[in-house]
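Shown next, in structure tokens, is the structure this report addresses.
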Amino acid sequence: MSTPEKSFWDKAQTLDRRVLYAVLIVLTATSLFFKTEIPVNPDDSSKDLYVSLMTIDPSKTVLIESDWTNSTRGESAGHFEALMRILMFRKVKFVVYSIADAQAPQVARDALMRIQEERKGQGLKEYEPWVDYLDIGYFPNAEGHLQAVGNNIRTAWGGRKERDDTGKERGIFESPVLSNVRVVGDAGLVVVVSASATIDIAVERLYGKVPLAFMVTGVMGPNALPYYQAGQIVGIGVGLKGVYDVEYMMKYGVNYRPDGATKAKVLYKEDSVVVAPVTEGTTMDRGARYFLPLHVALTLMILAIIFGNVAMFASRRKKKEAK
Amino acid sequence: MQYLDTGKYHVLFTLLLVFFILFNIRRAKGKKDMFVRRIPGLNAIDDAIGRATEMGRPVLMVPGIGELNAISVQALNIFAQVTKTAAQFGTPIRLCCANAAVFAVAQETIRDVYQAQGQIERYDVDSVRFISERQFAFAAGVSGMIHREQCAATFFLGEFFAESLIFAETANAVGAIQIAGSTQTVQTPFFIAACDYVLIGDEFYAASAFLTREPVLVGSLIGQDWAKFVVVFMIFCGFITNSMERHQVTDMKRVDNDATADVEAFSEMVPVEPWANGKPVLKRRADTWLFRQFNPFITKEQVTVDRPLEPEPEPTTATGGGS
Amino acid sequence: MKFLTQLAQLPPEYNPFWAKEPGNDALLWIFLTIGVGIVGMLLLTRVPTRARRPIVWTFTFLSGAFYVIYYLWPMPIDRDAREIPQGFVEQGGFFMKDALPRVADIANVLTFLLLCLGIFSLTKIHSARVVKKQKDWFFSVVLLVAMVVMVIVGYWDYILKEFNDPNALLTKAENWGTVNYAYDLLFDGLIQQMDAAMFSMIAFFILSAAFRAFRIRSVEATVMMASAILLMISLMGAVDYQWSELIKGWTGDDPAHMLNNLNLSQISGWVKNYLQIPSIRALEFGVGLGALAMGLRIWLGLERGGVSV
Amino acid sequence: MNEQFYWVKLTIGVIATIGLYSVLYRETKFYRFFEHLFLGLAAGFILVALWKETLKPLWWDKMTGSVTIDDVTKVSTIDQPGFWIYGFLLPIGLMGYLVFSKKHNWMSRIPIGIILGFWSGQQVQIWWNRWGAQIYGSMQPVWPTTTDSFTRPYTEGMAPADQAYIAAQLYPSQAISNLIFVITILAALSYFFFSFELKGKFLKGTNTLGRWLLMLGFGAIFGSTVMARFVLEIDRMSYIFVEWVDQTSKMFPGGG
């Protein structure tokens with residue numbers, strides 16, 4: 001079999017995959033350094049999430065179920081950090097617990113420490129353990145545990161002790177964070193930051209007892225959105241788009257017109273609701289940093305497909321001409 | 001009661017499907033040369049093994065990363081056929097497992113195949129391997145093996161998740177012929193993009209009937225087709241009756257009450273309020289006859305059962321443990 | 001009969017037949033059970049060859065029968081733990097409902113008990129390679145050493161956290177000792193990162209697979225490519241935004257205008273709801289039926305060939 | 001967590017990531033090292049998790065039960081009684097290990113048969129739960145109940161009674177979409193008939209249409225999965241080029 005000289009298009013058609021890989025690495029890595037603001041229309045579910053976080057009664061405690069680990073850091077860390085920033089801005093007390101994975105508390109703790117340090121650098125007030133928040137760790141047996149929390153949070157969490165601000169160990173319900181929580185419904189909101197099926201358990205066990213909100217990975221989105229559509233959860237952020245949506249609203253608010261502006265950047269389904277932006281600390285961070293690389297990667301993919309097809313047709317035409 | 005509380009309909013329907021399958025298995029007994037539609041990927045098995053033999057490279061088989069269930073058993077059934085051909089040609093095989101129970105079954109199956117072919121001296125115990133129970137460690141191990149052994153033909157059949165594309169593209173990179181199929185629908189598009197032949201949906205289950213033409217298997221396949229006919233018929237009739245019924249005027253509507261602390265979920269009929277614009281009230285989805293068949297109407301009386309109570313158990317105290 | 005009635009009377013937690021007092025009482029019964037089990041195992045080794053198949057099948061059949069009967073048997077609804085069942089049918093229903101979570105444990109525990117089989121095979125293959133100094137034996141050493149180190153550090157860390165730490169102080173990094181750090185390094189620093197690395201490699205493979213496969217060769221390939229590209233474009237927030245601005249220009253920002261249905265998120269949502277869902281659902285019906293048929297064949301012992309039990 | 005440790009952990013993670021990524025270029029000894037390290041650590045971890053996360057809570061704790069002893073009164077209360085019957089599982093599980101025995105390997109099929117038996121029985125139990133609602137959901141109405149408007153009107157700002165009226169109607173555009181839904185599911189189902197030959201233009205045409213529609217569905221799945229996968233890759237890049245570089249410059253100020 002004689003192989004005729006390969007034309008440029010022939011070669012392009014069977015481009016070495018490693019070239020594509022190198023281009024992807026270079027483009028995504030460089031675009032990471034440009035934190036750009038890309039205008040978007042936030043999803044309705046993200047808007048509801050943001051509005052409920054920003055309108056929560058600051059005297060009520062928020063329970064955060066942190067069920068993600070480093071393997072889904074790309075999406076979940078962004079969610080968790082945005083959540084921390086909003087709650088700290090609004091001075092809402094919160095409790096962090098995990099039921100999915102024994103590693104989850106440490107991962108959440110690291111993320112919390114990052115935000116604390118960042119706030120310290122910006123000259124903002126840091127959140128104090130025991131007084132402003134509690135980090136009560138991992139509870140095994142997800143299903144049984146949430147059922148227990150739903151039935152009686154005081155017995156379910158009663159055994160846990162933490163150091164108070166003087167360094168003495170005391171039961172967590174003596175802390176100012178939980179002292180006003182007798183039943184789970186006394187909490188203002190339960191936010192589940194999850195990369196796993198614990199969202200199903202949360203709806204099964206806690207729905208109807210306390211308002212629920214989710215922040216989940218893109219993969220879990222299709223599982224979680226039906227709960228939102230059925231009105232079982234107040235809001236939900238899905239995947240990186242969800243992170244970016246929330247960060248975008250943190251910057252521009254919802255239905256919010258700054259002085260002199262005629263139109264709000266983000267419109268809400270109800271005209272009467274006006275939610276101001278987050279005015280202290282960082283607003284656009286991980287979501288904004290990853291959003292441009294994502295666009296770059298998707299564009300690269302679409303261009304690669306187009307390029308492959310053009311090459312295919314061009315080489316076909318060449319062969320026809322040669323005949 | 002199960003067949004009272006969720007309707008008799010579904011038990012009857014399931015039993016009908018079971019009957020179809022068993023009846024056809026019985027009917028097929030002793031018959032030969034029954035028709036099974038051509039399944040493209042399976043005709044390629046012999047070519048793939050032939051090519052591996054020519055090149056002197058091994059054939060790789062992976063039964064997915066799922067647990068031991070009918071899916072992995074079915075994958076091993078197909079692999080037994082592949083191994084049969086490979087044993088005749090003396091082509092080396094590799095079978096990588098991600099689950100110890102599957103590994104145990106695979107070990108026996110493959111040994112039996114060599115024994116039945118009278119080629120037991122060609123059987124290498126280490127050709128069936130357990131790699132890792134951890135998804136991505138398994139992916140790393142299998143990709144390494146594909147590269148090192150330059151497998152000429154690969155079979156990925158069974159339950160695959162995110163790792164499907166890692167295997168398929170790696171095998172493509174070393175120029176292997178690939179035959180793949182996953183019962184996880186979400187992974188099928190990745191196999192279609194990267195592999196030469198793909199078994200879509202229940203072509204995977206039909207494969208062993210196609211390969212062996214065993215009456216039991218073909219009979220069961222015919223039974224499955226009957227069941228599919230019933231589903232087609234139901235959907236066909238259903239969309240017609242549903243369309244008609246939505247035009248009927250009604251003055252009562254069905255309300256499904258959720259379960260509360262003291263009562264199970266139950267349904268009731270309540271009068272409907274007329275529309276403000278005076279147009280006739282038509283039946284809604286929940287009022288149609290078919291909806292009622294699929295979501296049985298359970299009255300409050302049906303779910304209220306009174307049974308005598310066992311006396312309160314005395315607080316149990318251990319006698320031995322305390323001292 | 002009286003005995004059976006009693007067995008069904010109460011959930012196992014309250015039933016003195018199933019539940020024993022923790023401590024010596026329970027341990028005695030456990031040892032007895034294991035002893036009986038081992039004797040049974042020894043007896044099985046004496047079974048004649050032709051009886052083997054029926055024995056294995058009996059186990060399979062009985063396990064499957066539990067779920068099948070559970071499905072067909074009338075089950076109590078709205079039931080309190082202390083309610084007394086009325087009549088045989090209810091007794092059966094109560095009994096099975098109580099037994100379900102226990103039975104569900106059995107398959108799990110058995111699967112995990114078999115796990116060491118895999119590790120055993122892995123160790124065997126790699127130690128043989130080291131002993132025989134086969135090609136790449138050095139890497140087998142790496143594997144074996146990594147495994148042993150992980151087991152030691154893992155159990156040490158577990159013992160420290162489980163038995164020496166009543167106040168759960170070790171859940172916080174500031175209280176850690178060397179072993180806890182080592183465990184964190186191996187698990188969080190290596191295993192988790194390598195998981196993430198392999199997982200993220202899919203992005204590269206998606207790119208190269210799409211480049212190669214999405215060509216306008218046949219109707220099938222074109223259709224697949226078109227819907228994939230449409231979905232990808234709709235995921236790009238920036239494009240979605242620009243497109244909606246364009247539509248706003250046409251409609252004069254009127255939310256009631258029909259052209260609003262041409263928003264990218266609307267179009268991609270429509271494709272998902274009215275084309276993707278039904279086609280995939282049809283496919284899954286078939287898969288479900290295949291699994292049902294296969295399940296029936298295994299349960300009733302109709303499968304032939306190497307794998308059948 | 002102290003800074004040095006954090007840096008060491010990051011650095012090791014970065015090297016391991018690069019090690020595994022190197023297979024994208026080609027399979028080298030570098031990759032082989034990390035592959036085997038990964039397999040070894042994973043196997044070790046499974047052995048730890050085997051007891052810690054599965055056998056102990058699922059089997060041992062339930063079998064032996066548990067007692068809490070009050071610190072003050074020294075009275076012990078039974079939290080959970082011991083279910084002795086779980087003891088049988090040990091010998092049955094051990095039979096699986098006879099798979100390597102030449103003489104008694106048949107006994108390894110007993111635990112396997114039990115596992116498969118449970119799975120098979122469940123198939124009968126779950127079929128309807130999984131598919132029943134979906135069968136009903138596919139019976140979409142295709143005859144519009146009103147022709148006031150082609151598409152569903154925009155309802156924001158209307159009186160609730162009018163909104164409810166509009167929500168209860170089936171508009172022509174939805175009816176057409178529903179018809180497409182029904183045609184799609186029927187055509188796709190027709191692709192999966194195996195036991196008879198499709199003859200005639202209509203049946204063959206339906207079959208081909210079914211295959212095209214399936215491909216369309218697959219394309220949509222492909223497209224929507226891409227985002228999550230790319231985010232993972234972007235996060236890895238951020239791990240190496242942002243976090244590790246930041247921490248390194250913190251550890252070695254002035255170094256670069």
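Every heavy atom of this structure was used, including side-chain atoms; hydrogens, water molecules and symmetry mates were not.
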Checking heavy atoms, do the side chain of [X], its backbone, both or neither come under 4.5 Å from chain D?
X         : result
Ile206(C) : both
Lys20(C)  : both
Phe205(C) : side chain
Phe31(C)  : neither
Asn260(C) : neither
His257(C) : neither
Glu284(C) : both
Leu190(C) : side chain
Asp25(C)  : neither
Leu27(C)  : side chain
Leu289(C) : both
Leu292(C) : both
Val47(C)  : side chain
Phe204(C) : side chain

Among [options], which residue forms the greatest number of heavy-atom pairs with chain C at distances under 4.5 Å?
options                                   : value
Gly217(D), Gly13(D), Gly65(D), Ala220(D)  : Ala220(D)
Val182(D), Ile183(D), Thr208(D), Ile85(D) : Ile85(D)
Arg130(D), Lys103(D), Met63(D)            : Met63(D)
Gly82(D), Gly19(D), Gly93(D)              : Gly82(D)
Phe34(D), Tyr191(D), Trp119(D), Trp51(D)  : Trp51(D)
Val226(D), Ile135(D), Ile15(D), Leu24(D)  : Leu24(D)

query: Is it true that a side-chain atom of Tyr274(C) and a backbone atom of Thr184(D) form a donor plus acceptor pair closer than 3.5 Å?
result: no
Checking [Y] against [X]: is there a side-chain donor and acceptor pair closer than 3.5 Å?
X         : Y         : result
Tyr86(D)  : Asp105(C) : yes
Trp244(D) : Thr11(D)  : yes
Tyr21(D)  : Ser200(C) : yes
Arg152(D) : Ser173(D) : no

Does any backbone or side-chain atom of [X] lie under 4.5 Å from a heavy atom of chain C? Answer side chain, backbone, both or neither.
X         : value
Asn178(D) : both
Leu186(D) : neither
Thr54(D)  : side chain
Leu55(D)  : side chain
Leu216(D) : both
Val23(D)  : side chain
Ala43(D)  : both
Met107(D) : side chain
Trp106(D) : both
Leu58(D)  : both

Heavy-atom pair with the smallest gap, counting every atom of [X] and [Y]:
X         : Y         : value
Gln193(C) : Thr17(D)  : O-OG1, 4.3 Å
Tyr97(D)  : Leu115(C) : OH-N, 4.1 Å
Met215(D) : Ser227(C) : O-OG, 4.4 Å
Leu20(D)  : Glu35(D)  : CD2-N, 4.3 Å
Arg53(C)  : Glu303(C) : NH2-O, 4.0 Å
Gly87(D)  : Thr33(C)  : C-CG2, 4.0 Å

message: For the aromatic rings, using the six-membered ring if either is Trp, is the centroid distance between Phe33(D) and Phe139(C) under 6.0 Å?
response: no
- request: Please check if the distance between the ring centroids of Tyr181(C) and Phe5(D) is under 6.0 Å.
  value: yes
If you round to the nearest 0.5 Å, how far is [atom2] of [Y] from [atom1] of [X]?
X         : Y         : atom1 : atom2 : result
Ile92(D)  : Ile114(D) : CD1   : CD1   : 4.5 Å
Asp136(C) : Leu143(C) : CG    : CG    : 12.0 Å
Arg281(C) : Ile185(D) : CZ    : CD1   : 5.5 Å

- prompt: Does the side chain of Tyr67(C) come within less than 4.5 Å of Ser120(D)'s, by heavy atoms?
  reply: no
Which residue out of [options] racks up the most heavy-atom pairs below 4.5 Å with chain D?
options                                  : value
Leu110(C), Val68(C), Val223(C), Ile34(C) : Leu110(C)
Ile38(C), Ile202(C), Val219(C)           : Val219(C)
Val148(C), Val145(C), Val142(C)          : Val142(C)

message: So for atom CH2, which belongs to Trp212(D), do other residues, nucleotides or ligands contribute more than 12 heavy atoms lying within a distance under 6.0 Å?
response: no
